[in-house]
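To find a chain, count down the sequence lines: A is the first, B the second, and so on, and within it residues start at 1.
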Number of protein chains: 2
Amino acid sequence: MPHRDESVETIQQEMTAFARRARATAARMHPELSLVSYTLLAHLDDQQGCRATDLAAHYLLDKSTVSRQIAALEKLGFVERRVDPEDQRVQVLHPTEKGAQVLANVTASRRQAFHERLADWDEDDLNRFATYLRRYNAAQERLG
Amino acid sequence: MPHRDESVETIQQEMTAFARRARATAARMHPELSLVSYTLLAHLDDQQGCRATDLAAHYLLDKSTVSRQIAALEKLGFVERRVDPEDQRVQVLHPTEKGAQVLANVTASRRQAFHERLADWDEDDLNRFATYLRRYNAAQERLG
DNA sequence: AATCCACGTTGTACTATACAACTACCTCTA
DNA sequence: TAGAGGTAGTTGTATAGTACAACGTGGATT
């Protein structure tokens, strides 16, 4: 059984390796929707629409970044804006039919990739791994 | 106990969330050395020097990307090049004294951050989490 | 020697990102 | 109710990271 420090070291190394690779892998697998666009579109779908500001706050992105990402998604016809009648400043963002479709495709294909990677894991291990990841991310959010 | 699919779904979500955040977090914590530069420099340190081509192959980066990263590290005085006397085309890259110093600092501070995030984990959980991450990354390397 | 291959650099282009300045609009207060 | 101040979003500008293609130089093979 390795000492605590060794495990932490491994976790650090593996998380770093993963982070380094993730975007490129995602981009290779889904040229039509980057990791960030995917995430934003998924959030819109999940929340049944929200504001650019909410996306920025939720994902710790600058509002200008979100503005441009959304502009790109709109240009692709994946997102539409509906001005809030209550407050003319606000645009509520929604996936379009087409956007929802693409999102569904990418989600399915991502899900399949994960299933393949995890195919030979048994159910207990999967469950524990999922729990650990949630715990780790929660701690990271808490501590910055 | 969640079903297999739910665990996979959680793993996917959490890995994605982590990947999205990682670079920005690293950049905030260590403005002096990006996640990529850090990784490259650490590899040089670890391997006691290697070629740009080796870095590119190991990290799946284009050689031009590595070339520019190394150029930047050299400009900062963190890396030096030694032309291989056996083959004039080859430059063996090494961290400088200064580079090794900075690397050590960043490593220490990253390690501390991980220790903080994982402070309230018990030893068994840490060990299992480390094992799972290694296994996951190995599978990802295998399957692309 | 001629050809081919390996190593690295440079030109070019694109994406993601931040910060700052700006416009338009809302809200609150004197 | 007019002005002050705050909020939502866009645009200008700059930077980092990345890839691909074209190239130069030097080693290896035939």
Side-chain angles (χ1 to χ4, degrees), chain A residues 16 19-41 44 49-76 78-94, chain B residues 16 19-41 44 49-76 78-94:
Chain A
T16 303
R20 213 186 331 99
R21 266 196 303 253
R23 271 174 208 238
T25 303
R28 237 178 299 122
M29 291 200 332
H30 308 294
E32 73 278 25
L33 213 52
S34 79
L35 193 58
V36 175
S37 329
Y38 172 76
T39 305
L40 297 184
L41 193 52
L44 294 186
C50 75
R51 300 176 307 164
T53 298
D54 300 334
L55 292 174
H58 195 263
Y59 296 113
L60 299 182
L61 293 169
D62 192 81
K63 58 189 177 159
S64 65
T65 301
V66 174
S67 172
R68 286 182 235 264
Q69 289 285 333
I70 293 299
L73 286 172
E74 190 189 24
K75 200 168 163 193
L76 290 168
F78 295 168
V79 159
E80 66 181 22
R81 306 160 189 255
R82 304 185 194 151
V83 172
D84 182 347
E86 304 287 288
D87 183 341
Q88 304 274 93
R89 291 171 305 179
V90 171
Q91 303 170 3
V92 181
L93 306 169
H94 293 268
Chain B
T16 303
R20 214 186 332 99
R21 265 194 305 251
R23 274 175 205 236
T25 304
R28 236 178 299 123
M29 290 198 334
H30 308 294
E32 74 277 26
L33 213 54
S34 78
L35 193 57
V36 174
S37 332
Y38 172 77
T39 304
L40 298 183
L41 193 53
L44 294 186
C50 75
R51 300 176 306 165
T53 298
D54 300 334
L55 292 174
H58 195 263
Y59 295 113
L60 299 182
L61 293 170
D62 191 82
K63 58 190 178 160
S64 65
T65 301
V66 174
S67 173
R68 285 182 234 262
Q69 289 284 333
I70 295 298
L73 287 172
E74 190 187 26
K75 199 168 165 193
L76 290 166
F78 294 169
V79 159
E80 68 183 19
R81 305 160 190 255
R82 302 182 195 153
V83 172
D84 182 348
E86 304 287 289
D87 183 340
Q88 303 275 95
R89 291 170 307 180
V90 171
Q91 302 170 5
V92 182
L93 307 169
H94 294 268

Can you see which heavy atom on B:G49 is nearest to which on B:V92, and at what distance? C-CG1, 4.2 Å
All heavy atoms of A:L93 vs all of A:A52, minimum pair found to be CD1-N, 3.8 Å
Could you tell me how far apart A:Q88 (CD) and C:dT23 (C1') are, to the nearest whole angstrom? 15 Å
Letter by letter from the 5' end, nucleotides 1-11 of chain C scores (B base, S sugar-phosphate only, - none; protein heavy atoms under 4.0 Å) -----BSBBBB
I need the [X] [atom1] to [Y] [atom2] distance, nearest 0.5 Å.
X: A:C50; Y: A:Q91; atom1: SG; atom2: CD; answer: 12.0 Å
X: B:H58; Y: B:T53; atom1: NE2; atom2: OG1; answer: 14.0 Å
X: A:S34; Y: A:R23; atom1: OG; atom2: CZ; answer: 8.0 Å
X: A:R20; Y: B:L61; atom1: CZ; atom2: CG; answer: 8.0 Å

Of the residues in residues 30-39 of chain B, which ones touch DNA chain D at a heavy-atom distance under 4.0 Å?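 Residues of residues 30-39 of chain B under 4.0 Å from DNA chain D: B:S34, B:V36.
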Holding to salt bridge (charged side-chain N to carboxylate O under 4.0 Å, His left out), I want the full list of residues that pass it with A:D87, two or more places apart in sequence or in another chain. A:R89
Quick test of your reading: applying salt bridge (charged side-chain N to carboxylate O under 4.0 Å, His left out), list the pairs with at least one residue in residues 53-74 of chain A, sequence neighbours left out, ordered by first then second residue.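 Listed once each, the pairs are A:R51-A:D54, A:E74-A:R81.
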NA contact type, A:L93, heavy-atom cut-off 4.0 Å: base, sugar-phosphate, or nothing? nothing
Taking the nucleotide of DNA chain C with the nearest heavy atom to each, does A:E86 or A:R23 sit closer to the 5' end?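 Looking at the nearest nucleotide for each, A:R23 comes out on the 5' side.
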Reading DNA chain D in the 5' to 3' direction, which nucleotide is the first one with an atom under 4.0 Å from a heavy atom of chain A, and which is the last?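 The contact span of chain A on DNA chain D goes from D:dG6 to D:dT13.
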With side chain to side chain contact (heavy atoms under 4.5 Å, CB included) as the test, pick out the partner of B:L40 among B:L35, B:V79, B:L33, B:L55.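 The passing option is B:L55.
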Does anything in residues 19-40 of chain A pair up under ring pair (Phe, Tyr, Trp, His ring centres under 6.0 Å), and if so which pairs, sequence neighbours excluded?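 Of all non-adjacent pairs touching residues 19-40 of chain A, none passes ring pair (Phe, Tyr, Trp, His ring centres under 6.0 Å).
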